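Take a look at the structure set out below.
Numbered from 1 within each chain, the chains take letters A, B, ... in sequence-line order. Please read these numbers as outputs of a predicted model, since none were measured by experiment.
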2 protein chains.
Amino acid sequence: MTTTTRGFATIQQRDLVNQIADMLTEALLKGEFAPGMHLAEAQLARDFGVSRAPVREAARLLESRGMLVSQPRRGFFVRTFNAAELDDVYDLRLCLERHAVRLLAGKLTAEMEASLDAQLETMRRVARDGTAVQQIEEDVAFHRMLCEFSGNQRLVRVFDELCHEMRFCILLIGQLYDDPTQVAESHQPVMDALRTRDPDACEAAIDYHIGIAQQRVVEMFRERETS
Amino acid sequence: MTTTTRGFATIQQRDLVNQIADMLTEALLKGEFAPGMHLAEAQLARDFGVSRAPVREAARLLESRGMLVSQPRRGFFVRTFNAAELDDVYDLRLCLERHAVRLLAGKLTAEMEASLDAQLETMRRVARDGTAVQQIEEDVAFHRMLCEFSGNQRLVRVFDELCHEMRFCILLIGQLYDDPTQVAESHQPVMDALRTRDPDACEAAIDYHIGIAQQRVVEMFRERETS
DNA sequence: CATCCTCAAACTGTCGACACTCGACAGTCG
DNA sequence: CGACTGTCGAGTGTCGACAGTTTGAGGATG
């Protein structure tokens, strides 16, 4: 209710928790908090100009997303990842998307195909004139579509959770792609495989695609770790 | 139940939040709250003899476990499942365990084998003289071992989440098995397949095993739905 | 008889306050 | 000199209160 720190006082009456969670997320992704760092509720509350209650809830939310961890009576800490954990995340993601494309192969409609094609087009666009963050977002969006179109909503939820963690790690290592055009083009084989409607071909394509990404990201993360 | 290494009783100072979460979970599994029912924070706080803050946190915890859902400014409601959602949960579980046994096939150690065999034995025991709840718990424990031994900790976490939901649904439909001895025996083929170390055989065995359970549970749930 | 409006009760979101715990640091005693 | 103890500040866990919102009952209206 008190004044915001800056001019953008868009009606705060609506859901402080989500706003705080978003701001915290952004700060985390920007690397403003060092991994393992302790986040004091009172301090954050002062920074945001609110009481501790919504801060606490927002922190719990981020905890459930795996971006923070909490210890009883000690509070919240920025989640630390090691390369092995990141590898697990990618491994699980591969497991999910494999399943998704197999399901999708048997039910791909013209609308889905059009949506995916459109998304590929978007990716090509941001590859030319988009920020690294945008490129990652559109990349994720394509994969999320695959999960959504699989028809298993529960799978999408888990995928979203994993995405939070992957984003977190990717933003930590800085940039992901050295040639942005690859972002879009590396997805084309997946799209082509889907069009064949052959589950095995789809699985192979996604296997290859994610395997590459996994190798790259985990490797870069491992390098960052030893510095 | 849990004893400290020195034999002292565990100090009952664990936060209220966890205690409340446990009680709420128990109440939910006992079916004391109807699906879709609104849970008023103040009322629960009175019931537990605490303030709303810990109740709120406990509720958020259960929300993250998928047992409650919340709507802004309206509060918490008991999660309702429909057969399709439950089917999704089983589908995803199958996806996870398939992956787990494939990984496990390539790394099964003698210790793991012994643990799994021991768990099968426990299952046989509770099949004879255990409650339905115990039988389910030991059943789950076996599958959890498969996930743990796969080596992917992140996978285990997702499995745990799914388990909460499956337990919830299973307890809703009352009893799961009509012949308790099947509980243990239906797992034997999975164990046998693992011993061959053949990923394909393992996948096939778990496919069959979970497929049966899925069919059964979802079917029973669907019946309950239309009543 | 159905519909809309009013209003009070109930409830959630948020706040500030207090008690208790944890960790650090310094002082004390062997 | 080292181990133990008391104290202090920082921070979390919990509480009661207030304000604004939602809900549902009941009356007014067409």
Side-chain angles (χ1 to χ4, degrees), chain A residues 1-5 8-25 27-28 32-64 67-80, chain B residues 4 8-25 27-28 32-64 67-80:
Chain A
M1 243 321 118
T2 49
T3 72
T4 56
T5 48
F8 353 59
T10 46
I11 310 100
Q12 289 215 324
Q13 195 57 345
R14 200 165 47 195
D15 213 1
L16 281 182
V17 175
N18 283 331
Q19 290 184 43
I20 295 171
D22 287 348
M23 289 201 242
L24 278 179
T25 302
L28 281 167
E32 288 177 20
F33 301 122
M37 176 179 165
H38 180 227
L39 296 185
E41 294 173 11
Q43 182 59 51
L44 292 175
R46 272 194 297 277
D47 293 346
F48 290 125
V50 298
S51 76
R52 277 174 51 214
V55 170
R56 209 178 154 83
E57 281 204 37
R60 287 259 178 259
L61 192 61
L62 295 199
E63 185 186 16
S64 77
M67 303 181 68
L68 299 180
V69 295
S70 73
Q71 293 178 29
R73 294 249 163 232
R74 307 217 29 232
F76 294 93
F77 300 82
V78 179
R79 162 82 180 272
T80 62
Chain B
T4 60
F8 292 123
T10 46
I11 298 175
Q12 186 61 19
Q13 210 166 12
R14 227 171 79 224
D15 2 16
L16 284 180
V17 174
N18 283 330
Q19 292 185 47
I20 294 171
D22 287 348
M23 290 201 244
L24 278 179
T25 302
L28 281 166
E32 288 177 20
F33 301 122
M37 177 179 164
H38 175 78
L39 296 185
E41 294 173 12
Q43 183 59 50
L44 292 175
R46 273 193 296 275
D47 293 346
F48 289 125
V50 298
S51 76
R52 280 172 50 213
V55 170
R56 208 177 155 82
E57 280 204 36
R60 287 258 178 260
L61 192 61
L62 295 200
E63 184 186 18
S64 77
M67 302 181 69
L68 299 180
V69 294
S70 73
Q71 293 178 29
R73 296 233 163 249
R74 303 208 38 224
F76 294 93
F77 300 81
V78 179
R79 163 82 181 272
T80 63

- Item | Side chains of B:Glu57 and A:Arg56 in contact at under 4.5 Å (non-hydrogen atoms) | yes

- Message: In this structure, how many angstroms lie between the C1' atom of D:dG13 and the CZ atom of B:Arg52, rounded?
- Response: 16 Å

- Query: Can you tell me how far C1' of D:dT22 sits from CZ of B:Phe77, to the nearest Å?
  - Reply: 10 Å

- Query: In whole angstrom, what separates B:Arg56's CZ from D:dA17's P?
  - Reply: 18 Å

- Side-chain contact test, heavy atoms from C-beta onward, threshold under 4.5 Å: evaluate it for A:Asp47 versus A:Val55 and give yes or no. no

- Query: Atom CD of B:Gln71 and atom C1' of D:dT22: how far apart are they, to the nearest Å?
  - Reply: 11 Å

- Note on the structure: Closest of C:dC11, D:dT14, D:dA17 to the B:Pro54 side chain is D:dT14

- Taking the side chain of A:Val17 as its heavy atoms from C-beta onward, which of D:dG13, D:dG11, C:dT14 lies nearest to it? C:dT14

- Item | Nearest-nucleotide 5' precedence on DNA chain C, B:Ala40 against A:Arg73 | B:Ala40

- Item | Of the listed nucleotides D:dC15, C:dG13, D:dT12, the one nearest the side chain of B:Glu41 | C:dG13

- To the nearest 0.5 Å, what is the distance between CG (A:Leu44) and CD1 (A:Ile20)? 9.0 Å

- Query: B:His38 side chain N/O closer than 4.0 Å to the phosphate oxygens (OP1, OP2) of C:dT12?
  - Reply: yes

- Item | Of A:Ser51 and B:Phe76, the one whose closest DNA chain C nucleotide lies more 5' | B:Phe76

- What's the CG-P distance between B:Asp15 and C:dC22, to the nearest Å? 11 Å

- Note on the structure: With the side chain defined as heavy atoms from C-beta on, A:Arg74 is closest, among D:dC15, C:dG23, C:dT14, to C:dG23

- Note on the structure: Rounded to whole Å, CG of B:Asn18 lies from P of D:dT12 at a distance of 17 Å

- Whole-Å distance separating the CD atom of A:Gln43 from the P atom of D:dG11: 8 Å

- State, yes or no, whether a side-chain contact exists between B:Arg60 and B:Ser70 at a heavy-atom distance under 4.5 Å. yes

- Query: Between atom CD in B:Gln19 and atom P in D:dG13, what is the gap in whole Å?
  - Reply: 14 Å

- Message: For the CD atom of B:Glu63 and the CG atom of A:Leu61, what is their distance to the nearest 0.5 Å?
- Response: 8.5 Å

- Reckon B:Leu39 touches a base, only the sugar-phosphate, or nothing at all at heavy-atom distances under 4.0 Å? sugar-phosphate

